[in-house]
Amino acid sequence: MPDFEGFIQTDYLIALAVAVVAAVAVTAIIALVFRVVGRKEAWARTLVGLVRVPFRLTLLVGAIWTVNTLFLQTSEEIERLVDFIFRALFIGVATWLVCALLYFFEEVAAARYRIDVRDNRVARRVRTQLRMLRRIGVVVIIICAIGAVLLSIPGAATLGASLFASAGLLSVVAGLAAQSTLANVFAGIQLAFNNALRVDDVVIVETEWGKIEEITLTYVVVHIWDDRRMVLPSTYFTTNPFQNWTRHNSELLGAVEFDLDWRVDPAGMRVELDRIVAQTELWDERVVVLQVTDAVGGFVRVRVLVSAADAPTLFDLRCLVRENLIDWLNTHNPEALPVGRMELRRESARSKAPARTEPAHPVTAPIGLFSGDENAKARAAEFTATIPVQKGSAEER
């Protein structure tokens, strides 16, 4: 039986009380200093909020452990047990403190990159990488802490040597069993640093439109436009094609299409379109184009292209243009509404074609998507390039 004689000693109790009071006083003084600094500095408030509790516990456990080592007089067995308990507690609270510091450094670094501005591509990339680095660091620190606790157990070194001797076969089996998990882990790291996907990117996955809400080591959460969440493994984004609408910038083009009758008035629709976009703040003044893109099957395909600052704004702009043009067609050009025709003619009674009349509006040269003004020509230059022509005779070539 362990000998408890001499376990409770006056000098030990006094030293223990002094250590506790000193730890509490030091934490109180440090907390007061950072609160004063926090009145002007945001980083100080963040530091106090994240590390206050783990710092106090670390200092308190460390002080008690030191007192036990210096003043505790008891049997060797009890001293080893108490030393192991406080060593494990100190490693645990110190791990908590280091992880809290990682969170603090992430917050301070991320505060320099705001995502509440329009051009936030770099900020979203940096925040995604910081979050991934913090998670990897937390995992590594926790694994090291568990290893330190296990190695402090008497005889753990011998046990570890025997385990490592047979770890070869077990590692192969574990690798085969965790193949998909490891693939997701490496895919998550790849996504964090290859800049193909970032938090807050607008994407189209599985025919769903949404925003990247979270990127972890094993899965990605997509916030769908109707507030659903789609959880996909990280390997999905490294093995399947997907649309990223904010890869380089958030500006987008959107189309509104109409199937109308041949009696439609494109020039009048174009004038009305210009009037609609000029009266709304949803349009970013980059692109507004109305073109007849097809005329087969008894209908005329009229396509309207408009631009907006981001995907949600573009959706509302397309709806606005569609509603107002429908209203204009019903009011000013009702003969353009799609109808089904069937005409029966007798060959002997073919009538002369009616005389061609002048159009209601003068013939205009519409501004196209890739021609008509300087902006359209610049867009055309992004998708075309001049093919160099080699000069000289055939013999020289």
Please tell me whether [X] and [Y] are part of a single hydrophobic cluster in this structure, the criterion being side-chain heavy atoms less than 4.5 Å apart.
{"X": "Ile142", "Y": "Ile91", "answer": "no"}
{"X": "Val139", "Y": "Val149", "answer": "no"}
{"X": "Ile85", "Y": "Val82", "answer": "yes"}
{"X": "Ile212", "Y": "Val231", "answer": "no"}
{"X": "Val36", "Y": "Val51", "answer": "no"}

With a cut-off of 6.0 Å (strictly less than), are more than 12 heavy atoms of other residues, nucleotides or ligands near [atom1] of [X]?
{"X": "Phe315", "atom1": "CZ", "answer": "no"}
{"X": "Phe104", "atom1": "CZ", "answer": "yes"}
{"X": "Phe34", "atom1": "CZ", "answer": "no"}
{"X": "Glu285", "atom1": "CD", "answer": "no"}

When you check the side-chain N and O atoms of Gln243 and Trp245, is any donor under 3.5 Å from an acceptor? yes
Side chains of Asp310 and Thr313: is there a donor and an acceptor less than 3.5 Å apart? yes
Would you say that [X] contacts [Y] through its side chain, given a criterion of any heavy-atom pair below 4.5 Å between the two side chains?
{"X": "Leu232", "Y": "Asn240", "value": "no"}
{"X": "Phe299", "Y": "Pro338", "value": "yes"}
{"X": "Glu208", "Y": "Arg228", "value": "yes"}
{"X": "Lys211", "Y": "Val222", "value": "no"}

Roughly how far apart are [X] [atom1] and [Y] [atom2], rounded to 0.5 Å?
{"X": "Leu97", "Y": "Leu59", "atom1": "CG", "atom2": "CG", "result": "10.0 Å"}
{"X": "Ile30", "Y": "Arg52", "atom1": "CD1", "atom2": "CZ", "result": "13.5 Å"}
{"X": "Arg263", "Y": "Leu337", "atom1": "CZ", "atom2": "CG", "result": "9.0 Å"}
{"X": "Glu106", "Y": "Thr46", "atom1": "CD", "atom2": "OG1", "result": "11.5 Å"}
{"X": "Leu317", "Y": "Leu320", "atom1": "CG", "atom2": "CG", "result": "6.5 Å"}
{"X": "Leu314", "Y": "Cys319", "atom1": "CG", "atom2": "SG", "result": "9.5 Å"}

Please check if the side chain of [X] supplies one atom and the backbone of [Y] the other of a donor-acceptor pair under 3.5 Å.
{"X": "Thr238", "Y": "Thr235", "value": "yes"}
{"X": "Asn324", "Y": "Val321", "value": "no"}
{"X": "Asn333", "Y": "Val264", "value": "no"}
{"X": "Asn244", "Y": "Ala196", "value": "yes"}
{"X": "Thr280", "Y": "Trp283", "value": "no"}
{"X": "Arg318", "Y": "Ala255", "value": "yes"}
{"X": "Arg270", "Y": "Leu290", "value": "yes"}
{"X": "Asp201", "Y": "Leu197", "value": "no"}
{"X": "Arg127", "Y": "Ala110", "value": "yes"}
{"X": "Ser234", "Y": "Ala187", "value": "no"}

What pair of heavy atoms forms the shortest contact from [X] to [Y], and how long is it?
{"X": "Val138", "Y": "Leu102", "answer": "N-CD1, 3.9 Å"}
{"X": "Pro54", "Y": "Ala100", "answer": "CG-CB, 4.2 Å"}
{"X": "Arg56", "Y": "Ala31", "answer": "NH2-CB, 4.2 Å"}
{"X": "Trp209", "Y": "Ala311", "answer": "CZ2-CB, 3.4 Å"}
{"X": "Ala145", "Y": "Thr95", "answer": "CB-OG1, 3.0 Å"}
{"X": "Pro266", "Y": "Val292", "answer": "CG-CG2, 4.0 Å"}

Exactly one of Leu89, Val53, Val93 should register a side-chain contact (heavy atoms from CB on, under 4.5 Å) with Thr58. Which one does? Val93
Mind running side chain to side chain contact (heavy atoms under 4.5 Å, CB included) on Phe237 and Gln190 for me, showing each step along the way? CA-CA 10 Å; Phe237 293 92; Gln190 181 181 351; over 6 Å; no
Side chain to side chain contact (heavy atoms under 4.5 Å, CB included) between Val205 and Met230, intermediate numbers included: CA-CA 9 Å; Val205 290; Met230 181 183 294; 3.9 Å; yes
Ile141 vs Cys99, test: side chain to side chain contact (heavy atoms under 4.5 Å, CB included). Steps then yes/no. CA-CA 8 Å; Ile141 291 171; Cys99 292; 4.2 Å; yes
So the side chain to side chain donor-acceptor pair (under 3.5 Å) pairs with at least one residue in residues 27-40 (sequence neighbours excluded) are none
Using a 6.0 Å distance limit plus a 45 degree cone around the ring axis, check whether Arg134 lies over the aromatic ring of Tyr103. yes
Result of checking Arg131, Arg135, Arg229 against Glu214 for salt bridge (charged side-chain N to carboxylate O under 4.0 Å, His left out): Arg135
Is the shortest side-chain N to carboxylate O distance from Asp83 to Arg87 below 4.0 Å? yes
Trace of the side chain to side chain contact (heavy atoms under 4.5 Å, CB included) decision for Val277 with Val306: CA-CA 8 Å; Val277 297; Val306 289; 4.2 Å; yes
